[in-house]
Amino acid sequence: MVRAVAVTSSSASLGLGVTKSRFVVCDGLSSQSFVMVGTHRKGTRMVQPLTKVNAGRRGAGLVRADALPSSQEVAKNVPGAQAVSLEEVAPDSSKPISESNGPSSSMKSRNENIRDEARRQGAGCSPTTFSAKYVPFCPGQETDEEYSLDEVIYRSKTGALLDVQHDIEALRRAGDGNYWKKLFDSRVGKTTWPYGSGVWSKKEWVLPEIDDDDIVSVFEGNSNLFWAERFGKEALNMSDLWVKHCGISHTGSFKDLGMTVLVSQVNRLRKLGKPLLGVGCASTGDTSAALSAYCAAAGIPAIVFLPANKISIAQLVQPIANGALVLSMDTDFDGCMRLIREVTSELPIYLANSLNSLRLEGQKTAAIEILQQFDWEVPDWVIVPGGNLGNIYAFYKGFYMCKELGLVDRMPKLVCAQAANANPLYRAYKDGWETFKPVKALPTFASAIQIGDPVSIDRAIHALSQVDGIVEEATEQEIMDVCAQADKSGMFTCPHTGVALVALQKLRGRGVIGANDRTVVVSTAHGLKFTQSKVDYHSSELPEITSKFANPPVTVPDDFGSIMDVLRQKLALR
């Protein structure tokens, strides 16, 4: 069966001052593409080729745009042909329509996988017109310093953090906000490589120049955004409370979103011949789990520095199971971070901590997902737990790009929530951002954010300052109580999510957040990673913690009468 479609490529998408039209014809078997006109009879489409387009090699098959009929002319003269734009048929806005990425593309054959299919469809396509680079993170200051993403570099010449800067004008030329919304939405729920990932479905905004074949992904992202109806109503008198469960991911935390980007780039660098022995990180648990999993998937060695006896067993076993080299040290996270930086300065080991801005490119896609899940309506508040503080900046960056490129017209207010035992950002906020002093982080149930000298402090302060953001803190008693309350409403929260829920409670109590404000709490990890603290809470075995909402199992003899007595008592039966 032959199908004809009239296609228009506009000047907005191609950057030209002309408009051209062409047909793509697919009979389900051949991969030829023609520029043509045709006639139509009932039940039959007949075509007469004008110019055959040889797309078998790069640069071939070019036809003068002004020699071609417009899509309106084609649609008018060929009954049954539909005039559509290039953006409606091309899966990648940077690629011209061809037999491999347009409607003529044949289905995947039984003897090829989705990566093979992506490789075949990308053959002969022009390189992307989008790009990104490293620049020093110095908002408001002019600088000519920049670096390719293919360089192994983590700080600027002055020691400042680096940021990934995208060519916003190129993204803007590709299409307006509606174009990007339509493109991103079209990829959700698909298995097309690599767009089935919630991160790589935004590839043009993440790592635009990487080849699809170099991407290391387990189709992370696309995480649940659920309405916390009962907890919102009963605990907070709120009608529009939502939880973005980033912990529903491959390794059980939001770290997967950034690690797929970082490990993909390392995979690319190794293929380019960069002498990288492996990838290393300091971790309080979740980063090491994500790094080890993605490195294992790519066959790249992973080296992990962990503080001894300061992470949960569930967090420790993940890098071990994935084959990472795990070094357990008698220090805290800040000590591990200092040592890994010294090691990576001497050995060709790529640093994977959030000092590396590539990870933030993946993490920012969670913000874009939130907007997608609300049909591109902006929530009033987004509350993010903060430790090393890269994630609060990542959320800011995701929302900011959506506003800059016209997908939304405003940004939400951001709240960063810290544990009171590791609260340097909170102290700086209370001081009006006048000073920042690292602190000695004390033990906290929210172990992943037990960080006293956060790497991304400057990023976090900038992000919160730009949106009139707020920082709150949570004590250990508050964390465990709110987790128990939330769990009784059907959630199963990690302590870090508990920190964010405490911040919400306090802001709601002061009337800062209204009863009808649409509010999103970001859950950064799965509660199953922290079961021991829950067991101890409900067993009333936590030192210095009063288990106000404990719900321990009831010991009862194995006879009917005893069971009925307990049920009558607990269920208030008469």
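Values below: all heavy atoms of this structure, side chains included; hydrogens, waters and symmetry mates excluded.
Looking at Cys295 and Val263, their side chains come closer than 4.5 Å, going by heavy atoms from C-beta outward. Between Trp433 and Val471, some side-chain heavy-atom pair lies under the 4.5 Å cut-off. Ser533 has its side chain within reach of Met480: a pair of non-hydrogen atoms, C-beta onward, lies under 4.5 Å apart. Within the 4.5 Å cutoff, no side-chain heavy atoms of Leu276 are placed close to those of Ile349. The side-chain heavy atoms of Met329 and Leu306, taken from C-beta on, include no pair separated by under 4.5 Å. Side-chain contact check for Lys271 versus Asp214: some heavy-atom pair is nearer than 4.5 Å. Using a 4.5 Å cut-off on side-chain heavy atoms (C-beta onward), Leu360 and Arg459 make contact. The closest side-chain heavy-atom distance from Trp200 to Glu220 is below 4.5 Å.
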Test side-chain contact (heavy atoms from CB on, under 4.5 Å) on Leu464 and Gln466; report intermediate values, then the result. CA-CA 5 Å; Leu464 292 164; Gln466 293 302 301; over 6 Å; no
Carefully, step by step, assess Asp536 and Gln532 under the rule side-chain contact (heavy atoms from CB on, under 4.5 Å). CA-CA 6 Å; Asp536 292 343; Gln532 190 59 54; 3.0 Å; yes
Practice prompt. Quick one: do Val521 and Trp242 satisfy side-chain contact (heavy atoms from CB on, under 4.5 Å)? Show the steps, please.
Written response: CA-CA 6 Å; Val521 169; Trp242 299 77; over 6 Å; no
From CA spacing to verdict: ring pair (Phe, Tyr, Trp, His ring centres under 6.0 Å), Tyr393, Phe137 = CA-CA 12 Å; Tyr393 177 68; Phe137 181 79; 5.4 Å; yes
Under the side-chain contact (heavy atoms from CB on, under 4.5 Å) rule, what do Val439 and Tyr426 come out as? Steps first, then yes or no, please. CA-CA 11 Å; Val439 301; Tyr426 175 75; over 6 Å; no
Q. Phe530 and His496: ring pair (Phe, Tyr, Trp, His ring centres under 6.0 Å), yes or no, with the steps?
A. CA-CA 10 Å; Phe530 303 90; His496 317 87; 5.0 Å; yes
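Nearest heavy atoms, Ile210 versus Lys203: O-NZ, 2.9 Å. Closest of all the heavy-atom pairs between Ile392 and Ala460 is CG2-CB, 3.6 Å. Nearest heavy atoms, Phe492 versus Asp487: CA-OD1, 3.2 Å. The shortest heavy-atom contact between Leu291 and Cys281 is CD2-SG, 3.6 Å. Ala503 and Ile383 get closest at one heavy-atom pair: CB-CG2, 4.3 Å. Contact record, Val206 with Val199: CG2-O, 3.8 Å, taken as the closest heavy-atom pair.
Applying side-chain contact (heavy atoms from CB on, under 4.5 Å) to Arg359 and the options Thr260, Thr287, Leu257, Val261 leaves one that passes, Thr287. Screening Cys246, Ser523, Ser249 for a side-chain contact (heavy atoms from CB on, under 4.5 Å) involving Ser223 leaves a single residue, Cys246.
Atom CG of Asp211 sits about 11.0 Å away from atom OG of Ser264, to the nearest 0.5 Å. A distance of 11.5 Å separates CG in Leu325 from OG in Ser292, rounded to the nearest 0.5 Å. A distance of 11.0 Å separates CZ of Phe219 from OH of Tyr195, quoted to the nearest 0.5 Å. Distance CD1/Ile451 to CD/Gln418: 9.5 Å, rounded to 0.5 Å. The distance from atom CD1 of Ile368 to atom NZ of Lys181, rounded to the nearest 0.5 Å, is 13.0 Å. The CD atom of Glu361 lies 14.0 Å from the NZ atom of Lys202; values are rounded to the nearest 0.5 Å.
Of the possible polar contacts, none joining the Arg187 side chain to the Gly196 backbone as a donor-acceptor pair under 3.5 Å is found. With hydrogens and angles ignored, the 3.5 Å screen pairs a side-chain donor or acceptor of Asp334 with a backbone N or O of Gly452. The main-chain N or O of Thr251 is found under 3.5 Å from a side-chain atom of Asp256 such that the two form a donor-acceptor pair. Panel note: side chain Glu146, backbone Tyr134; no donor-acceptor pair is recorded below 3.5 Å. A donor-acceptor contact shorter than 3.5 Å links the side chain of Asn356 to the backbone of Leu358. Looking at Lys190, its side chain does come within 3.5 Å of a backbone N or O of Ser186 through a donor-acceptor pair. Not one N or O on the side chain of Lys133 forms a donor-acceptor pair closer than 3.5 Å with the backbone of Asp163. Side-chain atoms of His166 do not come within 3.5 Å of backbone N or O of Ile168 as any donor-acceptor pair. Ser283 places a side-chain N or O within donor-acceptor distance of the main-chain N or O of Ser288, the cut-off being under 3.5 Å. A donor-acceptor contact shorter than 3.5 Å links the side chain of Asn388 to the backbone of Val455.
Using a 4.0 Å cut-off between charged side-chain N and carboxylate O, Arg119 and Glu112 make no salt bridge. Between Lys157 and Glu145 there is no salt bridge, since no side-chain nitrogen of the basic residue lies less than 4.0 Å from a carboxylate oxygen of the acidic one. Ion pair Asp332/Lys440 flagged as a salt bridge, since at least one NZ, NE, NH1 or NH2 atom sits closer than 4.0 Å to an Asp/Glu carboxylate oxygen. Salt-bridge check for Arg115 with Asp212: failed, with every basic side-chain N at 4.0 Å or more from each acidic carboxylate O. Ion pairing between a basic and an acidic side chain is recognised when a charged N comes within 4.0 Å of a carboxylate O; Lys274 and Asp150 show no such pairing.
The local environment of CD in Glu342 is crowded, with over 12 non-hydrogen atoms from other residues, nucleotides or ligands closer than 6.0 Å.
The aromatic ring centres of Tyr147 and Tyr154 sit 6.0 Å or more apart. Remark: aromatic rings of Trp205 and Phe184 are close, center separation under 6.0 Å.
Between His462 and Tyr396, the ring planes lie perpendicular to each other; the angle is over 60°, past the 30° to 60° tilted range. Ring geometry for Tyr294 against His250 counts as perpendicular: the plane angle is over 60°, on a 0 to 90° scale with 30° as the lower cut.
A donor and an acceptor atom, one from each side chain of Trp193 and Asn113, are nowhere located under 3.5 Å apart. Side-chain atoms of Glu478 and Thr475 form a donor-acceptor pair, as typed in the model, at a separation below 3.5 Å. Between the side chains of Lys244 and Gln373, a donor-acceptor pair is found at a separation under 3.5 Å. Between the side chains of Asp481 and Gln485, no donor N or O sits under 3.5 Å from an acceptor N or O.
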